[in-house]
Structures are given as C-alpha cells and as structure tokens.
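See structure below.
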Amino acid sequence: MEIPAKLEKKYVLLGNQAILQDNQAIHIGYGTDENFVMPMGVSIVSVLENNPAYSFIFHVMTEGLSEKSVGQLDALASTYPNCVICIHELQLQILDGLPVFSSLGRASYYRIFLEKLVPERLSRVLYLDGDIVCLGNLNELIKRDFSNAIVMVVKDKPVTAEKQERKFHLTDYFNSGMLYINLEQWKKQKVAEHLLEVFFAHKEELNHVDQDALNIVLQGYKRLLDERFNFIPGDDPIEEVPEGTVFLHYAGTKPWYYWLDFPLQRYFKKYYAVSPWKNQPMDRPRNYREMHYLSRFYRKQGQFGKSFYWVLKYLVTKVGTKIK
C-alpha cells in the first residue's frame, strides 16, 4: 500500500531553530492527540533533564492540537536552549477504517510515518511513547550498532509476549513503545508500506494493533536490548527500577491520574513538577476504561458511594461508545 507523498498539512517550529542545522542532534519522535500532550511533554522534559550535553530535535506527530497545548510546548522549548520541537500536523485519511483500541486513539499508528517527516539525510531516529520517562543518559543507546537490524527494541512482558507469539507464530515479541530505527534499512525494506498492508488485511485479528503489526513485519529484522531501555513494571507495585534504567514505561498504570499513589509514580511527578504543566491538576478519567479503574480504586478504599457513581459512569459511557 502506497503512502501519500504529502502527509503534512501544517508544520510548526518551537524553540532554538539553529539546532535544525546540527548534524549531531538526536531526533526523537512522539505521536499524540490533545488528551496525551501533558504526559508527552513530561516525557520530553525527562529526556532534556537527563541529557543536557546533547542537542535534540523532537518530532511531535498529531492530527491537531489546541492553541493552549502548542503554547505549553513552546514554553517547554523556550526553557531548554538545546532543543527544538517540530509539530507535524498530519492529514491521515489513509488510516480511515482502522480500529482504535488504546486511550491514545489513532495516534498509536503515527509512529510508522516518522520516516516521512524527518530529514532525508538522517540515518537513525528514536521513537518513544508519551507514557515513557527518561531516567538516564542516552549515550549508550545512540552509540549502539544496528548490525543490519531495522530496529532496536525490548521484549515485552512475558504475559503479553508469550500470548502474542503463540497467536502469530512469532519469536521475541517486543513492546513498540521504544523503537530505535535504522532509517536506511526501514526505507529500503518499505516497512511503513508493509505495516499498512498488515493493518488492513488483519485488522480483525490484531488486538495490539500497531504493535502486533510491527512484530509481524519486523520478525527477523530486530536487535533486542535489555529491559533497561524500556522497563515496564508488572502489576505488583515495586519500590525501584532496575539499576541503570534509561526508559521507564508506564504501559499499564498511568502516573498522571489524581487518584493514584504508587512508588514508581515519583519519577513522573519529578519531571511533571518542572514542566509547563506543573500547575495543571492531574487528570480525571477520560474514557470508560479509566472510569472502571477509578471505580475499582474507590471500592478498594472502601468508598462505595464513589465507586458506585463511577461504575455507573463507566457503564453509560461504554454503552455510548459502542453504539457510535
């Protein structure tokens, strides 16, 4: 399936634009919609706070952001002279008809278009989900050799990996929240085009849509990194991340919900506190899944009235969503 030559309908630059001429700058891509801007912004702050010696070009892929959100990203970029933020507002009718399962909506598909938005000369680019915070220096990662692999990735948690490996007859099923991409090989193998074909041909089977497709297309073309580069906590609360963790991925419980309190939330709060969103309240539930989480939280706390209120909201919202 061919990707349209023009995906971008608007392009906004924020921050130190001189960095665009820096061939040593590290390019990092994110996909977001309006609801996910704050977590993504905190992720960007965490990268900058831990890597002051590097210059960064952040590529924010979206189908539209509010003026307020653009202003907050501008404030972020103005705080750190070693970065520029490029907002790529995309027109993606090519995705029409594809299922959306995650709270990120269609933005979960955006990562596959990153190659079309970065400079042609670029040989590698890092993609991060917006629910990742950086806890360390990127020096070790950016100096790694791809050894002809198309991506460097981290294997997913066993509970997910083993199930998806059986389902799709794969080995080493990886989590797609961190993708370090060899752009030369990605383009040569037409990965984005193959991904679109898999999206549409198997959309009824892909329960982790973009991640399943990436694993199918990149089977045999990946280099596995250790969990420090995409550490995903399990369901049981832990006090600390493994030593040397570079990226902490809140793939399950999100740290920006006001009703939560768990040990690893402190890392998110640390960077939230120095971000342009520091005076913005933590989030309320935005969809029926999050309403269900909140209902269960209040039930565990013995606050049954609040639990009942949110379970009703959950049921009404879920029915309304399914009807649409």
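All values below were derived from every heavy atom in this structure, side-chain atoms included, with hydrogens, water molecules and symmetry-related copies excluded.
To the nearest 0.5 Å, atoms SG (Cys83) and CD1 (Ile26) are separated by 12.5 Å. Put simply, CG on Leu73 and NZ on Lys68 are 12.0 Å apart, with the number rounded to the nearest 0.5 Å. One finds the OG atom of Ser108 at 12.0 Å from the NE2 atom of His208 (value rounded to the nearest 0.5 Å). Here CG of Leu141 is found 6.5 Å from CG of Leu225. Values are rounded to the nearest 0.5 Å.
Checked by atom type and distance alone, the side chain of Asn175 pairs as donor or acceptor with a backbone atom of Gly177 at under 3.5 Å. At distances below 3.5 Å, not a single donor-acceptor pair connects side-chain atoms of Thr245 with backbone N or O atoms of Leu248. Under the 3.5 Å distance criterion, the side-chain polar atoms of Asn16 are matched with a main-chain donor or acceptor of Pro81. Ser295 contributes no side-chain N or O that, together with a main-chain N or O of Met291, makes up a donor-acceptor pair within less than 3.5 Å. At least one donor-acceptor pair under 3.5 Å links the side chain of Lys203 to the backbone N or O of Gly97. Tyr250 places a side-chain N or O within 3.5 Å of a backbone atom of Phe268 that can act as its donor or acceptor partner. Remark: side-chain polar atoms of Ser78 are paired, donor with acceptor, to backbone N or O of Asp74 under 3.5 angstrom.
Centroid-to-centroid, the aromatic rings of Trp256 and Phe36 come within less than 6.0 Å. Separation of the Trp277 and Tyr272 ring centroids does not fall under the 6.0 Å cut-off.
With hydrophobic clusters built from ILVMFWY side chains whose heavy atoms lie under 4.5 angstrom apart, Tyr127 shares a cluster with Leu195. Residue Val241 is grouped with residue Phe262 when hydrophobic side chains (ILVMFWY) are merged at heavy-atom distances under 4.5 angstrom, including chains of intermediate members. Hydrophobic cluster membership is shared by Val191 and Phe168, with clusters built from Ile, Leu, Val, Met, Phe, Trp and Tyr side chains linked at under 4.5 angstrom. Residues Met40 and Leu126 are members of one and the same hydrophobic cluster, defined by side-chain heavy-atom contacts under 4.5 angstrom among Ile, Leu, Val, Met, Phe, Trp and Tyr. Cluster membership for Leu117 and Leu179, using ILVMFWY side-chain heavy atoms within less than 4.5 angstrom, is shared.
Side chain to side chain, Gln164 and Asn215 fail the donor-acceptor criterion of an N or O pair below 3.5 Å. Arg144 and Tyr180 form no side-chain donor-acceptor contact under 3.5 Å, judged by distance and modelled atom types alone. No side-chain donor-acceptor contact under 3.5 Å links Lys300 and Gln303. With no hydrogens or angles considered, a side-chain donor-acceptor pair links Asp156 and Gln211 at under 3.5 Å.
Proximity of Gln219 to Thr171: side-chain heavy atoms (C-beta onward) are separated by under 4.5 Å at one or more points. A 4.5 Å side-chain heavy-atom check between Gln91 and Glu63 finds every atom pair outside the cut-off. Considering only heavy atoms from C-beta on, Leu122 comes within 4.5 Å of Val125 through its side chain. Residues Val153 and Phe229 fail the side-chain proximity criterion, which asks for heavy atoms closer than 4.5 Å. Ile87 has its side chain out of reach of Tyr11: every pair of non-hydrogen atoms, C-beta onward, lies at least 4.5 Å apart. The shortest distance between side-chain heavy atoms of Arg124 and Asn182 does not fall below 4.5 Å. Residues Arg296 and Ser307 have side chains not in contact (no heavy-atom distance under 4.5 Å, counting atoms from C-beta outward). Contact annotation: the side chain of His249 approaches that of Asp131 to within less than 4.5 Å [non-hydrogen atoms, C-beta and beyond].
Using a 4.0 Å cut-off between a side-chain N of Lys or Arg and a carboxylate O of Asp or Glu, Glu162 and Lys157 do not qualify as a salt bridge. Salt bridge present: Glu193 and Lys116 bring a charged side-chain N and a carboxylate O closer than 4.0 Å. Asp210 and Arg111 are joined by a salt bridge, as a carboxylate oxygen and a charged side-chain nitrogen come within less than 4.0 angstrom of each other. The residues Lys187 and Glu120 are annotated as salt-bridged, a charged nitrogen and a carboxylate oxygen being separated by less than 4.0 angstrom. A salt bridge is defined here as a Lys NZ or Arg NE, NH1 or NH2 lying under 4.0 Å from an Asp or Glu carboxylate O, and Asp33 with Arg106 fails to meet this definition. One finds no salt bridge joining Glu184 and Lys188 here, because no Lys/Arg side-chain nitrogen approaches an Asp/Glu carboxylate oxygen to under 4.0 Å. Salt-bridge annotation for Glu165 and Lys155: present, with a side-chain N of the basic residue lying under 4.0 Å from a carboxylate O of the acidic one.
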query: Step by step, would you call Val84 with Leu20 a side-chain contact (heavy atoms from CB on, under 4.5 Å)?
result: CA-CA 8 Å; Val84 62; Leu20 295 172; 3.9 Å; yes
query: Stepwise, does the side-chain contact (heavy atoms from CB on, under 4.5 Å) test hold for Asp212 with His202?
result: CA-CA 10 Å; Asp212 287 343; His202 302 282; over 6 Å; no
task: Check the pair Ile232 / Val154 against side-chain contact (heavy atoms from CB on, under 4.5 Å), numbers first and verdict last.
output: CA-CA 10 Å; Ile232 303 173; Val154 174; over 6 Å; no
message: Apply side-chain contact (heavy atoms from CB on, under 4.5 Å) to residues Arg228 and Glu140 and explain how you reach the verdict.
response: CA-CA 11 Å; Arg228 295 179 300 118; Glu140 183 183 354; 2.9 Å; yes
message: Using the rule given for side chain to side chain donor-acceptor pair (under 3.5 Å), can you reason through Tyr221 versus Gln185, listing the C-alpha separation, both sets of side-chain angles and the distance that settles it, and then say yes or no?
response: CA-CA 9 Å; Tyr221 293 99; Gln185 289 298 317; over 6 Å; no
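No more than 12 heavy atoms of other residues, nucleotides or ligands shown are found within 6.0 angstrom of NZ on Lys10. Annotation: Lys270, atom NZ; neighbour count of heavy atoms from other residues, nucleotides and ligands within 6.0 Å does not exceed 12. For Phe200, the CZ atom is densely surrounded, since the number of other residues' heavy atoms within 6.0 Å is greater than 12. Around CG of Asn148, the count of heavy atoms belonging to other residues, nucleotides or ligands within 6.0 Å does not exceed 12.
Exactly one of Phe297, Tyr298, Tyr314 qualifies for a ring pair (Phe, Tyr, Trp, His ring centres under 6.0 Å) with His292. That residue is Tyr314.
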Taking only distance into account, with no hydrogens and no angle test, what donor-acceptor pairs under 3.5 Å do side-chain atoms of residues 42-62 form with protein atoms, sequence neighbours excluded?
{"from": "Ser43", "atom 1": "OG", "to": "Tyr30", "atom 2": "OH", "distance (Å)": "2.8"}
{"from": "Ser43", "atom 1": "OG", "to": "Ile132", "atom 2": "O", "distance (Å)": "2.6"}
{"from": "Ser46", "atom 1": "OG", "to": "Ser43", "atom 2": "O", "distance (Å)": "2.6"}
{"from": "Ser46", "atom 1": "OG", "to": "Cys134", "atom 2": "N", "distance (Å)": "2.8"}
{"from": "Glu49", "atom 1": "OE2", "to": "Tyr80", "atom 2": "OH", "distance (Å)": "2.5"}
{"from": "Asn50", "atom 1": "ND2", "to": "Ser46", "atom 2": "O", "distance (Å)": "2.9"}
{"from": "Asn50", "atom 1": "ND2", "to": "Cys134", "atom 2": "O", "distance (Å)": "2.9"}
{"from": "Asn50", "atom 1": "ND2", "to": "Tyr271", "atom 2": "OH", "distance (Å)": "2.9"}
{"from": "Asn51", "atom 1": "OD1", "to": "Leu138", "atom 2": "N", "distance (Å)": "2.8"}
{"from": "Asn51", "atom 1": "ND2", "to": "Val47", "atom 2": "O", "distance (Å)": "2.9"}
{"from": "Asn51", "atom 1": "ND2", "to": "Gly136", "atom 2": "O", "distance (Å)": "3.3"}
{"from": "Tyr54", "atom 1": "OH", "to": "Asn139", "atom 2": "OD1", "distance (Å)": "2.8"}
{"from": "Ser55", "atom 1": "OG", "to": "Asp22", "atom 2": "OD2", "distance (Å)": "3.3"}
{"from": "His59", "atom 1": "ND1", "to": "His88", "atom 2": "NE2", "distance (Å)": "2.9"}
{"from": "His59", "atom 1": "NE2", "to": "His27", "atom 2": "ND1", "distance (Å)": "2.8"}
{"from": "Thr62", "atom 1": "OG1", "to": "Thr32", "atom 2": "O", "distance (Å)": "3.1"}
{"from": "Thr62", "atom 1": "OG1", "to": "Gly64", "atom 2": "N", "distance (Å)": "3.0"}
{"from": "Thr62", "atom 1": "OG1", "to": "Gly64", "atom 2": "O", "distance (Å)": "3.3"}

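With sequence neighbours excluded, the residues satisfying ring pair (Phe, Tyr, Trp, His ring centres under 6.0 Å) with Phe199 are Tyr109. Qualifying ring pair (Phe, Tyr, Trp, His ring centres under 6.0 Å) partners for Tyr293, counting only residues two or more places apart in sequence or in other chains: none.
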